[in-house]
Enquirer: 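Got a structure here, written out as structure tokens. Questions coming.
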Amino acid sequence: MADIRVQSEITGKVWAIEAKVGDALEEEDTIIVLESMKMEIPVVAPSGGTLKEILVAEGDAVTEGQDVAVMDG
């Protein structure tokens, strides 16, 4: 199966990592929560699959369009 690159939709800071590598995720499951302008914005799985890799750590700054996780779809 092809890798699915999960991207940030906003520029912000990684507030919390909600999923672990190896987790089976359904579409719309929260992987990471970002904080931007005092709002919490979830980064969700675009489809069902297994989380292969998390590319950021809590506290990291991310930019819009940056890859933050990789799933096996």
Side-chain angles (χ1 to χ4, degrees):
M1 295 187 173
D3 285 348
I4 300 168
R5 310 293 287 186
V6 182
Q7 298 181 333
S8 171
E9 295 180 9
I10 61 160
T11 296
K13 185 169 149 183
V14 177
W15 181 259
I17 297 174
E18 300 286 319
K20 299 184 303 290
V21 171
D23 283 356
L25 302 172
E26 299 292 328
E27 185 174 357
E28 300 295 317
D29 281 353
T30 299
I31 300 172
I32 295 169
V33 178
L34 301 177
E35 185 271 328
S36 180
M37 296 174 31
K38 299 189 184 197
M39 294 178 57
E40 293 179 14
I41 295 95
V43 176
V44 299
S47 63
T50 302
L51 185 59
K52 288 179 64 174
E53 187 176 5
I54 295 176
L55 304 174
V56 294
E58 289 182 4
D60 284 357
V62 296
T63 58
E64 183 177 347
Q66 178 179 337
D67 290 345
V68 294
V70 179
M71 292 180 58
D72 199 3

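All heavy atoms count here, side chains included; hydrogens, waters and symmetry mates do not.
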Enquirer: Are Val44 and Val68 linked, directly or through intermediate hydrophobic residues, by side-chain heavy-atom contacts shorter than 4.5 Å (ILVMFWY only)?
Expert: no
Enquirer: Which pair of heavy atoms, one from Asp67 and one from Arg5, lies closest together, and at what distance?
Expert: OD2-NE, 3.0 Å
Enquirer: Can you get from Val43 to Ile10 by hopping between Ile, Leu, Val, Met, Phe, Trp and Tyr side chains that sit under 4.5 Å apart?
Expert: yes
Enquirer: Using a 4.5 Å cut-off between side-chain heavy atoms of Ile, Leu, Val, Met, Phe, Trp and Tyr, which other residues end up in the same hydrophobic cluster as Met37?
Expert: none
Enquirer: Determine the minimum heavy-atom distance between Glu64 and Glu9, stating which atoms define it.
Expert: CG-O, 3.5 Å
Enquirer: Tell me the side chain to side chain donor-acceptor pair (under 3.5 Å) pairs involving residues 46-62, sequence neighbours left out?
Expert: Asp3-Lys52
Enquirer: Could you go step by step and tell me if Leu51 and Met71 meet the side chain to side chain contact (heavy atoms under 4.5 Å, CB included) rule?
Expert: CA-CA 4 Å; Leu51 185 59; Met71 292 180 58; 4.1 Å; yes
Enquirer: Would you mind writing out the side-chain donor-acceptor pairs for residues 20-33 within the sub-3.5 Å range, not counting sequence neighbours?
Expert:
from	atom 1	to	atom 2	distance (Å)
Asp23	OD2	Lys20	N	2.8
Asp29	OD2	Glu26	N	2.8

Enquirer: Check whether Val70 and Val62 end up in the same hydrophobic cluster, where Ile, Leu, Val, Met, Phe, Trp and Tyr are linked by side-chain heavy atoms less than 4.5 Å apart.
Expert: no
Enquirer: Between Ile41 and Val14, is there a shared hydrophobic cluster once you connect ILVMFWY residues whose side-chain heavy atoms come closer than 4.5 Å?
Expert: yes
Enquirer: Can Leu34 and Lys13 be said to form a side chain to side chain contact (heavy atoms under 4.5 Å, CB included), step by step?
Expert: CA-CA 5 Å; Leu34 301 177; Lys13 185 169 149 183; over 6 Å; no
Enquirer: Would you indicate whether the side-chain heavy atoms of Thr11 and Ser36 approach each other to under 4.5 Å?
Expert: no
Enquirer: Would you name the heavy atoms of Pro46 and Val6 that are closest together and state the gap between them?
Expert: CD-CG2, 3.9 Å
